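Data first, discussion second: the structure below is written as structure tokens.
If you're wondering where the values come from, they're calculated on a predicted model, not measured in any experiment. Indexing begins at 1, ligand by ligand and atom by atom, following the structure's order.
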Amino acid sequence: MSSSGFASQNGAGGTYANGPSPNPVSLYPSNQGYMAPPQPTYLNSTLAKAPTPPGPNTNRHQPSPVGMSQHSPHQSASPNHRPVLTSASQSSTTPPNSYYQHPQQPPSWHYGGASPPAANHISSALGPSAYSSGASTLPVFQNTMQPVGPVPPYSSLSSVAMPAPPALNVLAPQTHPPYGIPPTAMRGTPPPPAAGVPPPPPHAYHNDGSYSSQPGQMNRPMGMAYPSLQPPSYQSMPGMQTSPYIQPTAQPYQQPSVGTAQLSPSLAALSLQSETPEALRVVNLLQERNLLPLGTVTVPTPCLPQDLQKLNCSPEVFRSTLTSIPQTQALLNKAKLPLGLLLHPFKDLSQLPVVTSSNIVRCRSCRTYINPFVSFMDQRKWKCNLCYRVNDVPEEFMYNPVSRSYGTPHKRPEVQNATIEFIAPSEYMLRPPQPAVYLFILDVSHNAVETGYLDVVCQTLLENLDVLPGDTRTKIGFITFDSTVHFYNLQEGLSQPQMLIVSDIEDVFIPTPDCLLVNLKEGKELVQDLLKSLPQMFCKTMETQSALGPALQSAFKLLSPTGGRMSVFQTQLPTVGAGALKPREEAAQKTSAKDVQHLAPATDFYKKLALDCSGHQVAVDLFLLSAQYCDLSSLGCISRYSAGSVHYYPSYHKHHNPSQSERFQKDLKRYLTRKIGFEAVMRIRCTKGMSIHTFHGNFFVRSTDLLSLPNVNPDAGFAVQMSIDENLLDMQAVSFQAALLYTSSKGERRIRVHTLCLPVVNSLSDIFAGADVQAITCLLASMAVDRSVSASLSDARDALTNAAIDSLTSYRTSVLTIQQPGLLIPTCLRLFPLYILALLKHKAFRTGTSAPLDERVFAMCQLKYQPLAYIMLMIHPALYRVDDMTDEGALNIDERTIPQPRALQLSVEKLSRDAAFLMDNGTVMYLWIGRNCSPAFITQVLGVESYAAIPQNMTQLPELDTSESSRTRAFIDWLRERRPFYPTLHIIRDESQLKADFMQNMIEDRTESALSYYEFLLHLQQQVSK
Ligand SMILES: [Zn+2]
């Protein structure tokens, strides 16, 4: 059994028909505390059978007519290979089964030998809050300089690689690097592990001084009197302004050099060979069930010299699936782990160094921004860490505005911060920075008005009108639509807003284009009038049609001269005009339980319009509020390709579903007031020898590595897959740099640069030791979404399972030195099978029709464009017992005591009728009250007399003056504060309708259509042992 790349890039495409496995999941005694013996329901993932004829690969290298290819076009399985989700260039021609040559291990599922796993054998060593989402716990930036002051007339570098995109609709075909490269160095069979030799530790480097380059030779006088010492364009913080640190003499500097080999990783590893790092400690998953960490899941720290690691980019912003980069693609293929980066480039940061400079120092060859991982040859030369070109240090860079000293270019903030922002000079603009422009497009059909959403939108906007990001140039406008499209003249001088109706939706035109988008400051009163009157204007409408397409077309016409943001609120399937859609859900549900149809858009109308928007710097955010099917997979394209965001509130109704309404209102506030960047592009560069080939997120790929982002927001995440094109043999480290050029809401052109440096290693054990299980899971999730759409859901599910099987097999055959029974995994990956199972049970990928099509598609959207921190809770929710919380180990924040209950495994066996549990899945929290929960808790926290008195639809905890109440509320509030969007709370009991939703998150338990965690492990073990 072997693996191919993500797709059949080596030619013979085809999809798999997966039949039942000849080896059903092994049965085992049911007295082990697990549920009934498994049915072979999970068998479709094992063997590839019956390859179908060459698949849909004919367009592999043909740019699509609109130049758009968001996912790799090579996603169908090749006939020789099982579906796997490895990177596209990891193809293999290895014959099946060649990876599984080690002797079969006898199954050994007895927990610790004699004692069967009793239901409550879990040790109590679990710690507080196993999963945190979005919370910033790492102090990221030490340097808090803020720029002020004038820009000196420095001469600037001549060429500019990242200009502001023109306001032209230029949609160049995406030019991926070729995928069809035959595998270069794939080995059929890994060498047998050397018996008795422990795996080398991952520490290839030491901070032993051998990295420091020699102090540069100063060959010219330095100091205050130096003629080019100019007024600092970069002013430090007040506290720093008095720094007397201006030294007239040359300072030796210790710039760590990582560009060339100075110490081979293997040499470095020798010194540590006696100890096995914790990350590689072997865990037998069949024996150890208690895997959730005490606190948050640790992010592995790259094994870099300490001085470099200290400067490295925060993993909250930029992280890699492998924190140790394999030296060759062959080695990567052998590890069977995906290689990719996860980015949260516009994350809200509490501290961000900002530099104003007319001369932003970049490599003359590859345009990399100078960063902490370049090497200074001497004071006048720096060597690019991406392409190795030696560049001159510009004269003005010799002055350090932080220390106000001269001659220490390596102390400049650009070289001391892996995340930094530049205020860009004029050459980064092709036109004056655009103003903030907000256009709201509101569904006012009968269906929409009936939900009551319009009141919420208008009210929330009224309340936040003054805090919309922007400046005196900010513009705003409104369009409403039902079967026709309505515009609102808000021109200054009018006594009230004027409504203009365009009924010709076949060829929609813009009446009075100059008066529809108005300066918010000048037109504020009219805007307020409109917002106050809009909900009433349509309250009696009987119009049921929806002309969403024509409304979007006219909105595009309105915004295209400036660029900006469209916020679209839609409550039903568009029925008339361009972009009208037909219901597809019923057909989708009729098909086999295993696969789901209609995950792909029904029309390219929304994608094409999105690409027009992207070309004119317009992003479209979609708010879908509906109880009925809206074809999110088609509608979502409008946001996906224009770099917008999608928000979905199924069964929204202001009165019938108050908690949903509350969430919508809070989310909307966050949406309206969060930071925004306009007319943005993001480029991701990597060290020569590596390449980026597939992007995930919402954007349009303008060229191989340039993402067009008409808007960028702090809640957008991106992922990329990478391959190693050339052997990185003489490199100790490689770097990755993401540069985001955008226009701030204040009209400044800014560039935010993140640089990540990772060591290169040459052994599999080092690769495994640096594996980042959360990043791997998130990247695989994105890849699986693509796979579901391009191939099929079952194909994606198989590939997910195979990802776990393959990496475990590789570990077992190539890393483990002592074979022992069980399902063995290094500590750092111990949660991998659990996360894979969680993905298989996630709404995006679960089998059957239990997930409405739109909800499934929305879950897929979220996996693709949300940052890792938000996704992890969605994949693996957190469960806490909350009726016995104490102050032990509690946090103290702003004089509030926040208890930290332990995170529990997601299994019914963890629940007790005597207790109360909180489950947090990111967007929803369930407070489940056991039937026999102590009356004291029920009274003191819920404020009702007894279990029976708990209301059916309780969504809020009363503020009671009891310590239990304040403790519980403090914990829930704290969880909510740690993420940007607002999770609703449902208090449920056994009879509640939502109990099924709650139980669906019990990932470790068996369901009708899915294995329990233990069964899944057995399945993996069986495959790995082949
Ligand atoms: Zn370079």
* **Protein N, O or S within less than 2.8 Å of the Zn ion (ligand 1), waters excluded** =>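 Listed by chain and number: C363 SG, C366 SG, C384 SG, C387 SG.
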* To do: Check whether any side-chain heavy atom of D772 lies under 4.5 Å from a side-chain heavy atom of T321, and answer yes or no.
  => no
Can a donor-acceptor pair be found between the side chains of [X] and [Y] at a distance below 3.5 Å?
| X | Y | answer |
| --- | --- | --- |
| Q721 | H696 | yes |
| S614 | S642 | no |
| R750 | S744 | no |

* Structure fact -> Result for side-chain contact (heavy atoms from CB on, under 4.5 Å) between C313 and one of F373, F318, F736 points to F318
* Step-by-step ring pair (Phe, Tyr, Trp, His ring centres under 6.0 Å) determination, Y742 to F346 -> CA-CA 10 Å; Y742 70 98; F346 206 52; 4.8 Å; yes
